[in-house]
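These notes are about the structure you will find just below.
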Amino acid sequence: MRAIIGLWRWRRNPLRRTTDLVEAWLALATLLLILVAAPSAGAAVGVSMQGTLQKAVRDQRKDRHPVAAVVVRRLSRGPLAPDPETPSGRDAHSRVVADWTAPDGTPQHGTVIADLKAPVPGDRFWLWTDRHGRIVGRPLDSATATTHSALAGFGAAVLAAGLLESARRLVLWHMVRRRHAGWDRAWAKAGPDWGKADTGS
């Protein structure tokens with residue numbers, strides 16, 4: 001990490017400027033914040049996301065129900081694209097007309113996606129519905145929610161570290177600009193007499 005490079009400026013040296021020492025302290029402060037604040041921010045975001053997503057898991061499990069459906073007829077000749085939420089990307093799906101009974105007992109009929117490769121009338125398959133029998137997506141599972149939470153926490157930690165390093169670089173950039181402006185003023189003051197007799201050059 002480049003912040004560590006500034007630590008050498010603490011060495012005692014007659015040429016060391018005050019700004020060199022400030023840069024060293026700035027590097028140390030940034031390093032400590034990256035090591036402490038960034039992981040803390042990531043953990044806070046991860047824990048918050050975990051709570052929110054696990055609540056969504058519980059709510060979806062309460063509101064979504066698996067029901068058995070029966071194929072009436074097939075509508076498509078070839079299988080549809082695999083469902084990205086299934087454990088295997090090779091699971092084939094087909095569009096069919098099917099009958100099913102809602103959790104509240106009402107009969108339902110409609111076009112749905114069946115997880116069958118070559119469905120024929122009478123085949124049974126499972127689909128997810130709300131309590132009134134309307135088709136809904138598969139509920140989020142706990143492991144997926146935990147994975148999303150961990151990724152969000154990691155992303156937050158990386159973002160926090162990047163922001164801290166960017167802030168250090170911005171402060172350093174301003175310091176360098178001020179230093180160069182001071183040099184320019186000193187050069188402009190000495191420049192007109194440079195090389196003339198009796199100027200001590």
Side-chain angles (χ1 to χ4, degrees), residues 1-64 81-90 136-201:
M1 181 178 298
R2 291 195 174 190
I4 300 176
I5 296 175
L7 299 181
W8 71 271
R9 298 177 187 272
W10 267 317
R11 296 181 308 169
R12 290 197 173 275
N13 188 322
L15 298 178
R16 185 185 70 186
R17 299 158 298 194
T18 302
T19 55
D20 293 332
L21 197 56
V22 171
E23 286 180 29
W25 280 107
L26 180 63
L28 178 62
T30 303
L31 178 61
L32 292 177
L33 284 172
I34 288 174
L35 293 176
V36 176
S40 298
V45 170
V47 168
S48 176
M49 284 290 293
Q50 176 75 342
T52 301
L53 290 177
Q54 292 299 337
K55 181 181 183 302
V57 169
R58 292 190 296 271
D59 291 344
Q60 289 182 8
R61 285 181 179 171
K62 185 168 50 178
D63 298 334
R64 303 180 184 190
D83 181 356
E85 296 184 6
T86 57
S88 170
R90 297 183 298 273
V136 294
R138 182 192 308 270
L140 182 67
D141 65 88
S142 183
T144 302
T146 300
T147 300
H148 289 325
S149 301
L151 289 175
F154 178 76
V158 171
L159 179 62
L163 289 175
L164 288 168
E165 176 62 12
S166 297
R168 182 191 74 85
R169 287 172 182 260
L170 183 62
V171 172
L172 189 60
W173 178 72
H174 280 292
M175 291 174 61
V176 170
R177 281 193 64 188
R178 289 183 61 185
R179 181 185 302 156
H180 289 175
W183 289 346
D184 287 342
R185 287 191 299 271
W187 181 257
K189 185 176 179 181
D193 295 332
W194 187 262
K196 292 183 181 178
D198 300 326
T199 59
S201 58

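Each residue takes its place number in the sequence, starting with 1.
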If the condition is side-chain hydrogen bond (donor to acceptor under 3.5 Å, both in side chains), which residues does Q60 pass it with, not counting sequence neighbours? none
Which residues share a side-chain hydrogen bond (donor to acceptor under 3.5 Å, both in side chains) with D63, sequence neighbours left out: none
Could you grab the distance from atom CG of L163 to atom CZ of R168, nearest 0.5 Å is fine? 14.0 Å
Report the distance from atom CG of L28 to atom CG of L33, rounding to the nearest 0.5 Å. 9.5 Å
Looking only at heavy atoms, which two atoms of A156 and A41 are closest? And how far apart? CB-O, 4.3 Å
Can any side-chain N or O of S149 pair as donor or acceptor with the backbone N or O of A145 at less than 3.5 Å? yes
Please list all pairs meeting salt bridge (charged side-chain N to carboxylate O under 4.0 Å, His left out) that have one or both residues in residues 40-58, counting only residues at least two apart or in different chains. K55-D59
Provide the full list of salt bridge (charged side-chain N to carboxylate O under 4.0 Å, His left out) pairs with a residue in residues 33-53, sequence neighbours left out, each pair given once. none
Rounded distance (nearest 0.5 Å) linking atom CZ of R169 with atom OG1 of T30: 10.5 Å
For R61 versus D141, what's the shortest heavy-atom pair and its separation? NH2-CA, 4.4 Å
What residues form a ring-ring contact (aromatic ring centres under 6.0 Å, His included) with H174, not counting sequence neighbours? none
Who pairs with S142 by side-chain hydrogen bond (donor to acceptor under 3.5 Å, both in side chains), at least two apart in sequence or on another chain? Q54
Any sub-3.5 Å donor-acceptor pair from S40's side-chain atoms to V36's backbone N or O? yes
